[in-house]
Amino acid sequence: MAGDGGPRLDRAFFARPTLEVARSLLGCVVHTQLSDGEASGRIVEVEGYLDASDLASHAARLKRGGVRSMFGPPGIAYVYRSMGIHAMLNVVTEAEGRAGALLLRALEPLSGIDVMRLRRGVDDVRLLCAGPGRLCQALGITLGDHGTDLTESGRIWITAGSCVDSVSVSGRIGISRAVEESWRFFETGSPFVSVHRRGMALPP
DNA sequence: ACCTGGATCTTCT
DNA sequence: GAAGATCCAGGTA
């Protein structure tokens, strides 16, 4: 149900180094409460994008538009369109003035499975939120949600969740120009991740 | 003004 | 595994 799952993550949670937030964000729960229904899912996969030194990051390439939120206060949603079609949901990290964001890549659906199925047009629970575009569609997140304060909004928010047994890292997905870095974090063995690529397990 | 290149997903084979 | 769908910011002119 909406509101369940523990306290809402606050700004201090996100105001830390991006890759540190990435690990602690796994297991947390994203909720949306929209006119056509409520839905939530446990975060099982994220990717870190850093400042201008990270050539795959929008912060290195773009100066105007929505990407400016990557430099702004943490805990804000940075939503952009990819490949002309899909919405991508990022959460801004780092203290205000430092660029950083985490791309939410996959969720384990928890509630609102039926409304997710309607929005996605697929039945298989494993395919509802397995991918950044898919999870936005399943949660009903659109470009209009860009700039939402996730620590305040009643429409999209994130709560602390269950612990993750084991975290794995691998290279980010779909990076072609920049030198790849192992900044993709996912729950080891989860059937809900977007790409079933083997990673390296992190020490607990 | 035009061109290019994507932090993707689906539907084929 | 390969290709098509489809849009926008930035660079070039």
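Residue numbers begin at 1 in each chain, while the letters A, B, ... track the order of the sequences.
- For the atom pair CG (A/Leu139) and CZ (A/Arg134), the distance works out to 14.0 Å, reported to the nearest 0.5 Å.
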Donor-acceptor list for residues 99-109 of chain A side chains, cut-off 3.5 Å, not counting sequence neighbours:
residue	atom	partner	partner atom	Å
A/Arg105	NE	A/Glu45	OE2	2.9
A/Arg105	NE	A/Ser194	OG	3.4
A/Arg105	NH2	A/Ser194	OG	3.0
A/Glu108	OE1	A/Arg42	NH1	2.9

remark   = A correct 5'-to-3' footprint of nucleotides 6-13 of chain C, with B, S and - meaning base, sugar-phosphate only and no protein heavy atom under 4.0 Å, is BB-SS---

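- Shown here are the salt bridge (charged side-chain N to carboxylate O under 4.0 Å, His left out) partners of A/Asp123, two or more places apart in sequence or in another chain: there are none.
- Regarding A/His196, its NE2 atom lies at a distance of 16 Å from the P atom of C/dG1, rounded to whole Å.
- Regarding A/His146, its NE2 atom lies at a distance of 17 Å from the P atom of B/dA7, rounded to whole Å.
- Taking atom CZ of residue A/Arg197 and atom P of nucleotide B/dT8, one finds them 11 Å apart after rounding to whole Å.
- Residues A/Arg16 and A/Ser24 approach most closely at NH2-OG, 2.8 Å, considering heavy atoms.
- Near DNA chain C, meaning a heavy atom under 4.0 Å from it, residues 14-21 of chain A has no residue at all.
- Residues meeting the side-chain contact (heavy atoms from CB on, under 4.5 Å) test with A/Asp36, sequence neighbours left out: A/Leu34, A/Val115, A/Arg119.
- Minimum heavy-atom separation, A/Leu50 to A/Ser57: O-OG, 2.7 Å.
- Using P as the reference atom, B/dA7 and C/dG11 are 15 Å apart when rounded to the nearest Å.
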Kindly list each side-chain donor-acceptor pair under 3.5 angstrom involving residues 68-86 of chain A, sequence neighbours excluded, with atom names and distances?
residue	atom	partner	partner atom	Å
A/Ser69	OG	A/Gly66	O	2.7
A/Tyr78	OH	A/His58	ND1	2.7
A/Arg81	NH1	A/Ile85	O	3.2

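- Remark: A/Arg11 is not positioned above the aromatic ring of A/Phe14, lacking an NZ or CZ atom under 6.0 angstrom from the ring centre and at most 45 degrees off the axis.
- Within residues 119-141 of chain A, no residue approaches DNA chain C, by heavy-atom distance under 4.0 Å.
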Give every donor-acceptor pair under 3.5 Å between a side-chain atom in residues 196-204 of chain A and any protein atom, sequence neighbours left out.
residue	atom	partner	partner atom	Å
A/Arg197	NH1	A/Gly171	O	3.3

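- Among residues two or more places apart in sequence or in another chain, the side-chain contact (heavy atoms from CB on, under 4.5 Å) test is passed with A/Pro191 by A/Arg126.
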note = Each base of DNA chain B marked ( ) or [ ] if paired in-strand (Watson-Crick or G-U under 3.5 Å), | if paired to another strand and . if unpaired gives ||||||.|||||.

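- With sequence neighbours left out, A/Arg120 forms a salt bridge (charged side-chain N to carboxylate O under 4.0 Å, His left out) with no residue at all.
- What separates CD1 of A/Ile175 from C1' of B/dG5 is a distance of 13 Å, to the nearest Å.
- As a whole-Å value, the separation of A/Arg172 CZ from B/dT8 P is 11 Å.
- Shown here are the ring-ring contact (aromatic ring centres under 6.0 Å, His included) partners of A/Phe192, two or more places apart in sequence or in another chain: there are none.
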